[in-house]
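Read through the structure below, which is laid out as structure tokens, and then see the notes.
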Amino acid sequence: MALPKVTVVGAGQVGATTAFLMATKQLADVVLVDVAEGIPQGKALDMMHARSVERFSSTVTGSNDYAATADSDVVVVTAGLPRKPGMTRDDLLAANGSIVRSVIAQAAEASPNAVFVCVTNPLDVMTYLAWKVSGLPSRRVLGMGGVLDSARFAYFIALATGAPITDIDALVIGAHGDGMVPVPSLSMVAGRPLTDVLPADEVTEVVRRTVYGGAEVVAFLKTGSAFFAPAASVTSMVEAVLHDTGAVLPSCVLLEGQYGLSDVYLSVPAVLGRQGVSGVPEVALGADDLEALRASAAGVAESVAALSIEA
Ligand code: APR
């Protein structure tokens, strides 16, 4: 049976890890694209060498040319600079803005029917830019932020409570940055809200560690940012799209009135399937969380304005 086709633009840490995960899970045949000559080809070949060991039949090919990406079902964009210690994701705005513009223009021309998933930071601004530059319906342009932030929240909840990670269903919404909004009241530990499981001061500490989870990794690595959890997170979104599961995942989507917000991309629970985003059902937020979400939206809108994005 023919597998779907997924293009991953950017064959760096996040892109290559994503390609390998998708191949080993037999989710798709993967085309890895990068501006750096030889890098996508070499990494793709290396992954193919693992085929008999990992026993997957997916193909991974590397290219510097978007012709190889034609008619992809999904395009994942990881091209761009990662953070260095001391940098915020917003420090990447101008440099990654021009990279995402050029990548999206070429990838959307080659695959006009694809679902696009942006990973490049600052995520919410880059996803909005990708939507504008592509000219595609917003349901087919989304970003990976909330899945990763929620996964980090889940990990820190597991550490603090001692509960198995599989019993935790955590939720972080808002911008993928310091303005993110972990939601303890909607984060469940074996079916009970975190706020009933941990004292308030411990919840505050888990939230703090979640917000700086990415920065903690950057501080250790010094030369780049996280890639294993980001790759796993975007792969789970691509799986929901390709298998048309209807899974509700916290995804960076265009808000059109939900939570009183519009014309901004932010992570909120969204229904994912073959057409991309098929619904954005509102979850019940407390007044503080709603206020934090709106502040998060204001921060993203400010960065979008700084980038002077035109349709
Ligand atoms: N087209 C295609 N690839 C590009 C382009 C471009 N215009 N510009 C840069 N790249 C490639 C680089 O050559 C490099 O191989 O993007 C890749 C980025 O890889 P890394 O430097 O390893 O960065 P990574 O850790 O993968 O992060 C990529 O994802 O999580 C975000 O903040 C992170 O914005 C960053 C992005």
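As the structure lists them, so they are numbered: ligands from 1, and atoms in each ligand from 1.
Close approach of ligand 1 to Asn96 is summarised as follows: ligand atoms under 4.0 Å from at least one heavy atom of the residue are 34 (O). Counting the atoms of ligand 1 from 1 in the order shown, those under 4.0 Å from a heavy atom of Ile99 are 5 (C), 6 (C), 7 (N), 8 (N). Close contacts of ligand 1 with Val119, meaning ligand atoms under 4.0 Å from a residue heavy atom, involve 29 (O), 30 (O), 31 (C).
Classification of the Tyr265-Trp131 ring pair by plane angle, with boundaries at 30° and 60°, yields tilted.
Counting protein heavy atoms only, atom 18 (C) of ligand 1 is closest to Gly80 O, 3.2 Å. Nearest protein heavy-atom contact of atom 36 (C) of ligand 1 is Thr78 O, 3.4 Å. Of the protein's heavy atoms, Val14 CG2, 3.8 Å lies nearest to atom 27 (O) of ligand 1.
To the nearest 0.5 Å, the span separating CG on Leu266 from CD1 on Ile173 amounts to 8.5 Å. The CZ atom of Arg89 sits 12.5 Å away from the OG atom of Ser303 when rounded to the nearest 0.5 Å. Taking CZ from Arg209 and OG1 from Thr204, the interatomic distance works out to 15.5 Å, rounded to the nearest 0.5 Å.
Leu272 pairs in a side-chain contact (heavy atoms from CB on, under 4.5 Å) with only one of the listed residues (Leu142, Thr245, Leu242), which is Leu142.
Residue contacts with ligand 1 for Ile39 are absent, since no atom lies close enough (heavy atoms, distance under 4.0 Å). Residue contacts with ligand 1, taken as heavy atom pairs separated by less than 4.0 Å, involve Asn121 via backbone and side-chain atoms alike.
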Discussion item. Would Thr61 and Met48 count as a side-chain contact (heavy atoms from CB on, under 4.5 Å) here? Give the steps.
Written reply: CA-CA 8 Å; Thr61 44; Met48 292 300 276; over 6 Å; no
Practice prompt. Evaluate side-chain contact (heavy atoms from CB on, under 4.5 Å) for Met180 paired with Asp178, printing each intermediate quantity in order.
Written response: CA-CA 6 Å; Met180 75 179 69; Asp178 296 351; over 6 Å; no
Discussion item. Run the side chain to side chain donor-acceptor pair (under 3.5 Å) test on His176 and Asp149 for me, step by step, so that the C-alpha distance in whole Å, both residues' side-chain angles and the decisive distance to 0.1 Å come before the verdict.
Written reply: CA-CA 7 Å; His176 182 53; Asp149 295 327; 2.8 Å; yes
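Relative to atom 12 (C) of ligand 1, the option among Thr17, Val35, Val8, Asp34 with the closest non-hydrogen atom is Asp34. Among Gly12, Pro82, Ala16, the residue whose heavy atom lies closest to atom 23 (O) of ligand 1 is Pro82. For atom 22 (O) of ligand 1, the nearest non-hydrogen atom from the set His176, Gln13, Glu37 belongs to Gln13.
Residue Leu81 has at least one nitrogen or oxygen atom sitting less than 3.5 Å from a nitrogen or oxygen atom of ligand 1, judged on distance alone.
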